Amino acid sequence: MAFALIDLETWERREFYLHFIHEVRCTYAATVPLDITCLKGYTGSILQ
C-alpha cells in the first residue's frame, strides 16, 4: 500500500481534518471476553 502526501494548503477537506485534529478528542475502545474464573475466591495479601 502506497501513501501519498497531502498538501494541506490546497486539500479540499482541510477544514474537516483540522477540526477533528484540534477540536475532537478521539479515543478507541475494545470490548473483549475475559475469563477470570481462575481469580474466583482469590483475596491476596494486599486486600487483607
Side-chain angles (χ1 to χ4, degrees):
M1 177 184 209
F3 293 97
L5 292 178
I6 297 172
D7 181 5
L8 284 178
E9 298 304 318
T10 59
W11 191 33
E12 60 199 33
R13 297 180 53 104
R14 179 179 190 260
E15 290 182 49
F16 299 106
Y17 172 78
L18 292 176
H19 170 75
F20 280 98
I21 287 298
H22 296 296
E23 305 295 329
V24 178
R25 183 176 174 196
C26 295
T27 61
Y28 294 92
T31 303
V32 296
L34 182 60
D35 183 4
I36 59 169
T37 305
C38 62
L39 298 176
K40 185 177 180 183
Y42 176 75
T43 59
S45 60
I46 294 174
L47 300 177
Q48 294 177 356

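What you see is a predicted model, and the numbers here were worked out from it, not measured in a lab.
- The 12-atom threshold is exceeded at CG of Leu8, counting heavy atoms of other residues, nucleotides or ligands nearer than 6.0 Å.
- Counting only residues at least two apart or on different chains, the side-chain hydrogen bond (donor to acceptor under 3.5 Å, both in side chains) pairs with a member in residues 10-22 are Asp7-Thr10.
- For residues 25-35, every residue pair satisfying the side-chain hydrogen bond (donor to acceptor under 3.5 Å, both in side chains) rule, not counting sequence neighbours, is listed here: Asp35-Thr37.
- Summarising the hydrophobic clusters (Ile, Leu, Val, Met, Phe, Trp, Tyr; side-chain heavy atoms under 4.5 Å, direct or chained), the residues clustered with Leu5 are none.
- By the criterion of side-chain heavy atoms lying less than 4.5 angstrom apart, applied directly or through intervening Ile, Leu, Val, Met, Phe, Trp or Tyr residues, Ile6 is grouped together with Ile21 in one hydrophobic cluster.
- In the hydrophobic clustering (ILVMFWY side chains linked at under 4.5 Å, chained through shared members), Phe16 stands by itself.
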